[in-house]
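So the structure is just underneath, and the comments pick up after that.
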Amino acid sequence: CCGGNTTTYGELLAATEAFAGGLASLGIAKGARVAIVLPNCVPFVISYFGAGRAGASVVPMNVLYRPDEALHILEDSQAQAIITAEPFRPLVEAIRPRLPGLKHVVMVGDGGAQADELGFRALCARKPAPCEPSTDEDEAVILYTSGTTGRPNGAVLTHRNLIANAISCTGALPVSAEDCFL
């Protein structure tokens with residue numbers, strides 16, 4: 001998805017902070033939920049870490065969800081914003097009228113944002129608002145179950161949960177600076 005381009009950690013940090021500031025300028029703060037409907041790409045990573053840096057909980061969503069599945073998750077999570085791209089516009093347009101709490105649609109890519117949407121790059125270029133730091137016990141992400149026996153349920157993970165998982169992985173996987181993960 002990146003076309004062979006490389007993003008340094010410094011570039012990622014700058015983009016993440018710019019995106020967090022843009023979200024904060026919209027009033028997205030601690031306690032808010034931000035849904036992401038994007039494939040594996042750099043804007044997904046920026047959106048994920050930027051929303052977290054703004055204090056929001058991230059709600060990653062499967063790009064293959066049907067409208068009824070996406071509607072359930074967006075209603076249940078009470079997402080205030082959704083980050084998506086042109087290929088998923090029909091999904092958002094189909095369900096947005098039924099989501100009064102979904103205040104912001106941010107479009108990634110060159111397709112351009114429509115009148116009631118925000119462009120990803122334009123949001124990152126806004127004058128940033130300050131973000132309140134998160135604590136270990138604050139919500140970080142809400143992952144929805146597969147829903148094999150009913151509707152998917154949101155599993156809430158705190159920042160401490162994510163740190164514990166990373167520590168566990170480093171103990172279980174012998175990795176070095178030469179290793180690469182996707």
Side-chain angles (χ1 to χ4, degrees), residues 14-39 41-135 137-144 147 151-159 162:
T16 296
E17 289 176 342
F19 188 72
L23 288 177
S25 76
L26 297 175
I28 301 294
K30 192 180 280 194
R33 275 81 181 258
V34 174
I36 304 173
V37 181
L38 291 171
C41 59
V42 173
F44 179 95
V45 177
I46 293 168
S47 298
Y48 183 96
F49 288 118
R53 191 155 184 103
S57 298
V58 178
V59 182
M61 295 176 57
N62 189 325
V63 297
L64 299 178
Y65 279 150
R66 296 183 318 266
D68 62 317
E69 295 168 315
L71 178 64
H72 166 72
I73 289 170
L74 292 168
E75 283 179 327
D76 187 65
S77 69
Q78 300 175 347
Q80 293 179 11
I82 187 167
I83 318 305
T84 192
E86 185 63 37
F88 315 108
R89 185 188 303 274
L91 171 70
V92 174
E93 288 176 345
I95 60 177
R96 190 171 185 194
R98 296 175 56 193
L99 295 164
L102 185 65
K103 297 178 176 105
H104 309 287
V105 175
V106 179
M107 278 292 175
V108 172
D110 298 327
Q114 295 181 356
D116 60 342
E117 301 169 343
L118 299 159
F120 185 81
R121 287 186 187 151
L123 184 62
C124 292
R126 283 184 171 204
K127 182 176 178 176
C131 301
E132 183 181 348
S134 297
T135 68
E137 297 308 317
D138 287 334
E139 280 185 13
V141 65
I142 304 174
L143 301 174
Y144 276 80
R151 291 275 196 184
N153 295 307
V156 177
L157 300 176
T158 65
H159 291 279
L162 298 179

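Side chains are part of it too, since the values below use all heavy atoms of this structure and drop only hydrogens, waters and symmetry mates.
- Within the structure, salt bridge (Lys or Arg N to Asp or Glu O under 4.0 Å) pairs that include any residue of residues 93-104 comprise R96-D116 (at least two apart or interchain).
- Closest heavy-atom contact between G31 and R33: O-CD, 3.7 Å.
- Note that the OH atom of Y65 and the CD1 atom of I95 stand 11.5 Å from one another [nearest 0.5 Å].
- Taking CG of L74 as the reference point, atom CE of M61 lies at 4.0 Å (rounded to 0.5 Å).
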Stepwise side-chain contact (heavy atoms from CB on, under 4.5 Å) check, F49 with V58: CA-CA 9 Å; F49 288 118; V58 178; over 6 Å; no

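- Applying the ring pair (Phe, Tyr, Trp, His ring centres under 6.0 Å) definition to pairs two or more places apart or across chains, those involving residues 85-129 are F19-F120.
- Each of V63, I36, V108 was scored for a side-chain contact (heavy atoms from CB on, under 4.5 Å) with F44, with one residue passing: I36.
- The CD1 atom of I73 lies 10.0 Å from the CG atom of N153; values are rounded to the nearest 0.5 Å.
- Residues L26 and L123 have side chains in contact (heavy-atom distance under 4.5 Å, counting atoms from C-beta outward).
- L118 has its side chain within reach of V106: a pair of non-hydrogen atoms, C-beta onward, lies under 4.5 Å apart.
- Separating the CG atom in L157 from the CD atom in E139 is a distance of 9.5 Å, to the nearest 0.5 Å.
- Between G55 and S134, the closest heavy-atom pair is CA-OG, 3.8 Å.
- Between M107 atom CE and I83 atom CD1 the span is 10.0 Å, to the nearest 0.5 Å.
- The shortest distance between side-chain heavy atoms of E69 and P152 does not fall below 4.5 Å.
- A20 approaches R53 most closely through the heavy-atom pair CB-CB, 3.8 Å.
- Closest approach of G154 to D76, counting heavy atoms only: N-OD2, 4.3 Å.
- Going from atom CD of E17 over to atom SG of C124 covers 11.5 Å, rounded to the nearest 0.5 Å.
- For P60 against I142, the heavy-atom pair with the smallest separation is CD-O, 3.6 Å.
- Minimum interatomic distance between L38 and T84 (heavy atoms only, all atoms of both residues): CD2-C, 3.5 Å.
- Proximity of V34 to S57: side-chain heavy atoms (C-beta onward) are nowhere separated by under 4.5 Å.
- A heavy-atom distance below 4.5 Å is not found between the side chains of T135 and H159.
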